[in-house]
Every structure is written in structure tokens, then in C-alpha cells.
Amino acid sequence: MIQITLPDNSVREYEGPVNGYEITKSLSNSLAKEVLSVSVNGEVWDLMRPINANSTVKLNTWESSEGKETFWHSSAHLMAEAIEFYYPGTKFGIGPTVDTGFYLPEGNVLTDKDLQKIEQKMLELARQKNAIVRSEISKAEALKMFAEKNDQLKLELISELEDGTISIYNQGNFTDLCRGPHLPNTEYIKAIKLTSLAGAYWRGNEKNKMLTRVYGVTFPKQKMLEEYLIMLEEAKKRDHRKIGKEMDLFAFSESVGQGLPLWLPKGTQLRLQLQDFLQKVQKKYGYEQVMTPHIGDVKLYKTSGHYEKYGKDSFQPISTPVEGESYLLKPMNCPHHCEIYKIRPKSYKDLPVRMAEFGTVYRYEMSGELHGLTRVRSFTQDDAHIFCRPDQLKDEFKKVIDIVFIIFKALSFDNWTAQISLRDPNKPDKYIGTLENWEKAEQAIIEACEEKGLETVTELGEAAFYGPKLDFMIKDALGRSWQLGTIQVDYNLPERFQLEYVGSDDQRHRPVMIHRAPFGSMERFVAVLIEHTAGKFPLWLTPEQAVVLPISEKYNDYAKKVSDFLNNSDIRTVVDERNEKIGRKIRDNELKRTPYLLIVGENEAENDTISVRRQGEGDKGAMKTSEFADFILKEVREQLSGL
RNA sequence: GCCACUUUAGCUCAGUUGGUAGAGCAGCUCAUUCGUAAUGAGCAGGUCGCGGGUUCGAGUCCCGCAAUUGGCUCCA
């Protein structure tokens, strides 16, 4: 007996052996069109593959990740077939899913114009309804087959496989090595959009040759493609680079340099507001603010170990008129903070010391890596270092997690994920510090997260070179994940800087250090905030909270009076003094995303009132200026209440 | 850094097979002084990313460089 779980989670039984296609066909014709593959005892199989009795079977449709993967995998083969039609002899790498992707070898470089051509060919091939047929051959046969094609990429893959049978798939004139699973035939693929071309290192290794990768998406229905394209358009509208330009928040200048952001007045206002907010939270949690220079003696970074990583092949050290003297633009704030710690001897009663700084750091990122505000060469970390006794570590770590959540709550970030990044045990030379300390640090993070009930994923090999960390990620408008907040445990720097405190036993002990930046960096945080809110920031953050719109120039004086009053009440207000009709002023200021539009004319000037309009919501009626001020201050207070 | 695309007025973009540049918006001036999403008219604005080359002639073709964008690798 075969037990079958339908897409709606109902369960049926079926006599075997039989294949997935026959099962769905017998259930209903409409279902037969929707099921793309089957999961047999947890393994995804082709529909046509015979299933033995005593199996549990799940039917995979487009709605399931297994079904989608099958669909896109076959799409990748279809694309390969189309590419081979135009470029015979093309060697294909692997076609990972998520979106469909393919590699081409060097020398066979495609251009955007090819994409349309290939897309058309794919549709044509799909309509031929070619069956996608699995067959199994021995490893020796497979090696022979791809040696004949002189396909080094595939030979490399095959030689790494275990002996035994190897599956290959054929559709139309195209045959390729593949584990599967695949759709029964190409007809399922109804809508195709090849989106972009990119270079990609073979097997993701920089040392290997660069192949061409084609990105695209396919769908079982034309309408789904249309919806997808609309979604992409919408996402583009939220892009922080576009909104940053529109709202005059930040800019770049070729003359200043790549990856060096210029914060415009409104962007600066926004950033200062965020900094002020975090400072207040940190004060409550016992942090003290410090300030340190943007450069430091190279020796400092040799002590810390940062010179090896950041000094040598990034921004070159700055030389001075004095022979042998050189300074480094600081890539991190920690060494400076360690030196502050050392200024005066510490007692166990002094700990924890929590030292915070909005510290601007410089890192020479590779040019191709730069991206808007999310990846730049000069950025300001909302940095702090906590120096504590080992027995305080876990507690301090948990308090930092609390701060991260205060921030996420204040900005209603609810789509975060948390990742514990540990060292890669197989690459000990990538990290500095003793194994014992690494283990202690990793344990502290894991336990703190457990005790906080935090849902996390754990990644090996993602740790910083000096210690393990807990990272918080947020997705941007286009679904790309960015790392924001980070909390790192470090036994290593205290060792290198020989940090000490005197314990109650009158002995010298080594403190533990926590590096933490809940925003990550001001640049990246603002970028993600822009995409998260589409530029409609919470009122407390908005650079211009209200704009006064005089009906005509006759009321500019009164408008000024209103704006002065509001500014004196700590409400950031400007006046739109242009000689334009009121409809025009409303439109322009709505588009600028100003939260409150205050219209003043004859009525308002006489009664000392303003006519209030909330962005996106329309007319809210008239009120006294002082009433409005109270109303706004209350709204801001509420947004920040409980924080 | 590597692969591919792109780069024309402050912004968004046109510019045919090579014959020395256009629009809308923004800006400025004038008129208008207006009641809840675009008042009208006029003016000005460009080393066509930068540097070479081919040509009688290059925004357009070729080469180099730079920056942007999408990826790879790397990372806050």
C-alpha cells in the first residue's frame, strides 16, 4: 500500500507499484496538471519514476518548495538546450535553483541581446512538449560520454561522485548529467523571463575560471510572470538609492571617491535622530560615551591583529615626515577602546565597563562590492565594547540582545532572522586566539540565545577572525538579506592588549570583551530603514515633520509665525513659500512624504489656527497651532513609549 | 579585483544607416494671489563620463580608463 499526501494535506491510499503521474491522473485530471514531482519517503522523485509499495508519497505542486525546485531545475535544462542551439559545444556547469541559473565557460560570452533570443527559443522548445527522460549509466560510461564532448567541467563533477550508477536526463536534443528530479515534459513551462547575465567563478572559488551565469525565472502560468514583474517594479520603487536621491538624504561624488557617502542635511538629521535615540537607550543600560581619533599608530593594529587583515592590502598606512612612523585609518574602533580601558587600573568592582562610540571606520572594499549605502568604504558603527568578568559575560550578552530588540521594536522591524556564527573547525589558521577561548566564547553565545528563547540558525565558518558572533539580518526590498546588528564575544583582544582587573582575591585577571553594534552601521541601517518604510519614516525620525502651506503669498508671514512656534516646540517645520496654487503645494509635499501639511489662509490667520492634512490620509480639519503642537508631541512620545 | 550591462541638461529619458544635440520635470523671469494632488507665458541650461583612434566629419564606429548597475568572491 502506498500512502499519498495531497497538496491540501488530505491522505489517500493506493496500490503499488505505480508512478506518480498515474496516481495524480487517477485522482483528478486538474490535479494531474498541477503536480510537478513527488516526494517518496522524503526524497524528491520524477513523476514518471515507478514507486514501490509501502512508500509514503507527497505530491509536490508549484506551491511547495520541492515542486518549485523541480520546475526551475527543468527550466535550467530547457535554457541549456536553447543555448546549445545557438552556441553548439557550450559547456554547462551546474544550474542551481532559487532562480534558475546556468554557467557557460569562458570564451562563450553572452550579451543582453542573446537573452531575448534564448528566451524565445526556450518558449519554442517548451511548446514541443518534449519528454524529459531519465536514464542511468555507470560512472565509467559517464566519464566516457563527457570525455567525448571534451567537457572538463562535467568530468570534474563526475570524478568526484561515488562509483555506481549516475543519472542523466534527456529532452529533445539535449542530454546532461543530472541528479534530477525533473518535470515529465517541457510543456509545463509556460512563461519565461531571463533577467540578467553575470560572471560567476566555477564552483564559487575565486581561483577558478569565471563562467557566464544566466539568471531567469519561469512560471507555469503567464499571469504569474506578469505578477512577478509588477512585484519587481514595486521593489525598485523602494530602493534606498532611489529614495535617498528623491528625498535628499545622501549622495556620492566621483570627485570625493567611490563608496564614500556624503550625508545631506536631511539625511544627517535622520541619522542624528537615530543616534540620539540609541544613546538614550544605552545610557539607561549603563553605557558611557567616548570619542577617539580616526587614525591610530600602525603598531596599535599590529598589537590588535587588525593590521594583518585590514592594513596590508586595503587603505595603505599613512606615512609621516618622521622616518619609520606610520598611521592607519581605523578599520575598527576596538583597539582605541582597549587603550582607554588601560588608562587606569581596574578593580573587579569597576566591571563591566561599557564604552560606546559612534566611530567612523574605513575599509577598502573591492570596487565591485560597493552598493549604495549598504556597502561603503567609510562608515560609522554604533560601536560599543563591554569589558566584563567571565561570570558577567552571559548576562551582559543578554542585555545587548535586549537593546537590539528595543531598536527593532521602535522601527517595527519584524522580519529579522538571527544567526549564530561559529568558527570553521577545519580551518584553524583563519582565526586568531586559543581553542579553549573560542570554545568558551561560542558556548556563552549559544547559552545566552537559549536563555533568551531566541530562534537562531547556526553557521560554521561565519565567525569573525577574532571571535564568534550573533548577527541579526534584515531583508531589503529586493529580498536580499543584509546583516545589521552584531554581537561578538572576544577573549582574544584582552589577551593581546594585556587587559587586566584586580579581583576580590587580590590577583590580576583578564576581562572578556563584547563587541556590539545593534544598528551594524549607520549607513547600512539607514539604507534598510528606507527600504523597510519606503521613505515614510516614523514621525519621530522624519527630517521634516511638518510643512506650512500658505494659500497665497499674502499669508507667508502668518505661515512663518506658525512654523517658528512649532520649531520652538521641537517640531521640525518648514514653510513652502513658493508662489504656487495650494493644490500644487499639496501635491509636491505629499510626494515629498512630509507627514503633516498645514494649510493656512485667511480663515486660519484670523482665528490663529491651522488646517491639518496628514500625508496619504487627507484633510483632518482645523486646530489651534498650540493644540497641534501638543498633538504631535504626544504622537512622538507614543511612538517612543516603553523604550 | 573578476564577468556583463550602462553612462546625453540638476532629475527622468529621446537621439534612425556617422552629417557637430532634443523632451518632460526642476531652475530663473514675468503675469497671477489662488482653499486641499500639477496656473500660464517666456528665458536659461550640455567638453554627449574621461582620454586616445578611424573618418572630410563621431553622441553614434574602434581601443583604453573611470564611475554606476546586476552578479561572483568578500563583508557592517
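Chain naming here is simple, since letters A, B, ... match the order of the sequence lines and numbering starts at 1 in each.
No hydrogens or angles were tested; on distance alone, a donor-acceptor pair under 3.5 Å links the side chain of A/Ser611 to the base of B/U36. Counting atom types as modelled, A/Tyr201 pairs a side-chain N or O with a base atom of B/G1 as donor and acceptor under 3.5 Å. Side-chain N/O atoms of A/Arg375 and base N/O atoms of B/C74 include a donor-acceptor pair closer than 3.5 Å.
By the 6.0 Å and 45° rule, A/Lys117 stacks over the aromatic ring of A/Tyr86.
Of the C1' atoms belonging to B/A14 and B/A23, the separation is 7 Å, rounded to the nearest Å. The separation of B/C63 from B/C11, taken at their P atoms, amounts to 28 Å, rounded to a whole angstrom. If you take atom C1' in B/G35 and the same atom in B/G49, they sit 47 Å apart, rounded to whole Å. Comparing the C1' positions of B/G15 and B/G19 gives an interatomic distance of 14 Å, to the nearest angstrom. Going from the C1' atom of B/G27 to that of B/C75 covers 42 Å, rounded to whole Å. Going from the C1' atom of B/C72 to that of B/A58 covers 36 Å, rounded to whole Å. When the C1' atom is used for both B/U16 and B/U54, the distance is 22 Å, rounded to whole Å. B/U8 and B/U12 are spaced 8 Å apart, taking the P atom of each and rounding to whole Å.
Counting non-hydrogen atoms under 4.0 angstrom, A/Gly583 reaches the backbone sugars and phosphates but no base. Contacts of A/Leu591 with the nucleic acid, taken as non-hydrogen atoms under 4.0 Å apart, include base atoms. Within the 4.0 angstrom heavy-atom criterion, base atoms lie near A/Val376. The residue A/Glu580 sits close to a base: some heavy atom pair falls under 4.0 Å. Nucleic acid contact class of A/Gln615 (heavy atoms, under 4.0 Å, all strands): none. Residue-level contact check: A/Ile582 touches the backbone only, with heavy atoms under 4.0 Å from sugar-phosphate atoms and none from bases.
In this structure, the ring of A/Tyr491 has its center no less than 6.0 angstrom from the ring center of A/Tyr466.
Positionally, the nearest nucleotide of RNA chain B for A/Lys554 lies more toward the 5' end than for the other of A/Thr486 and A/Lys554. With RNA chain B read from its 5' end, the first of the two nearest nucleotides for A/Gly485 and A/Ser552 is the one closest to A/Ser552.
Between A/Arg578 and A/Asp588 there is a salt bridge, since at least one side-chain N of the basic residue sits less than 4.0 Å from a carboxylate O of the acidic one.
Applying the ring pair (Phe, Tyr, Trp, His ring centres under 6.0 Å) criterion to A/Tyr285, with sequence neighbours excluded, gives no partner residue. Not counting sequence neighbours, A/Glu459 has no partner by the side-chain hydrogen bond (donor to acceptor under 3.5 Å, both in side chains) test. Among residues two or more places apart in sequence or in another chain, the salt bridge (Lys or Arg N to Asp or Glu O under 4.0 Å) test is passed with A/Lys585 by none. In this structure A/His336 satisfies the ring pair (Phe, Tyr, Trp, His ring centres under 6.0 Å) test with no other residue, sequence neighbours excluded.
The CZ atom of A/Arg578 sits 9 Å away from the P atom of B/U39 (whole-angstrom rounding). One atom, CG of A/Asn579, and another, C1' of B/G40, lie 12 Å apart when rounded to the nearest Å. Whole-Å rounding puts the A/His371 NE2 to B/C72 P distance at 12 Å. Atom-to-atom, CG of A/Leu274 to P of B/A76 comes out at 21 Å; the value is rounded to the nearest Å. To the nearest angstrom, P of B/U36 lies 12 Å from CG of A/Asn603. We find that NZ of A/Lys592 is positioned 15 Å from C1' of B/A38, with the value rounded to whole Å. Spacing between atom CD of A/Gln483 and atom C1' of B/A76 amounts to 6 Å, rounded to whole angstrom units. Following rounding to the nearest Å, A/Arg241 (CZ) and B/U12 (P) show an atom-to-atom distance of 13 Å.
Among the nucleotides B/G35, B/U36, B/A76, the one closest to any side-chain atom of A/Glu602 is B/G35. Distances from the side chain of A/Glu365 to the nucleotides B/C75, B/G1, B/C34 place B/C75 closest.
With a cut-off of 3.5 Å on both pairing distances, the Watson-Crick and G-U wobble pairs of RNA chain B assemble into stems of 3 or more at B:1-4 with B:69-72, B:10-13 with B:22-25, B:27-31 with B:39-43, B:49-53 with B:61-65.
Between A/Pro317 and A/Tyr301, every side-chain heavy-atom pair lies at or beyond the 4.5 Å cut-off.
For the ring-ring contact (aromatic ring centres under 6.0 Å, His included) with A/Phe525, the lone residue among A/Phe413, A/Phe379, A/Phe277 that qualifies is A/Phe413. Of the candidates A/Glu523, A/Gln483, A/His240, A/Glu531, A/His240 is the only one forming a side chain to side chain contact (heavy atoms under 4.5 Å, CB included) with A/Thr374.
No aromatic stack links A/Tyr215 and the base of B/G71, using centre distance under 5.5 Å and interplanar angle under 30°.
Phosphate contact (OP1/OP2 of B/G1, side-chain N/O of A/Ser367, threshold under 4.0 Å): present. When the side-chain nitrogen and oxygen atoms of A/Lys581 are compared with OP1 and OP2 of B/U36, none of them lie within a distance under 4.0 Å.
In this structure, A/Ile243 CD1 and A/Asp239 CG are separated by 7.5 Å, a value rounded to the nearest 0.5 Å.
Contacts of residues 245-265 of chain A with RNA chain B (heavy atom under 4.0 Å): A/Lys245, A/Glu254, A/Gln258.
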Task: A/Gln545 and A/Thr573: CA distance, side-chain angles, deciding distance, side chain to side chain donor-acceptor pair (under 3.5 Å) verdict - done: CA-CA 6 Å; A/Gln545 294 169 314; A/Thr573 314; over 6 Å; no
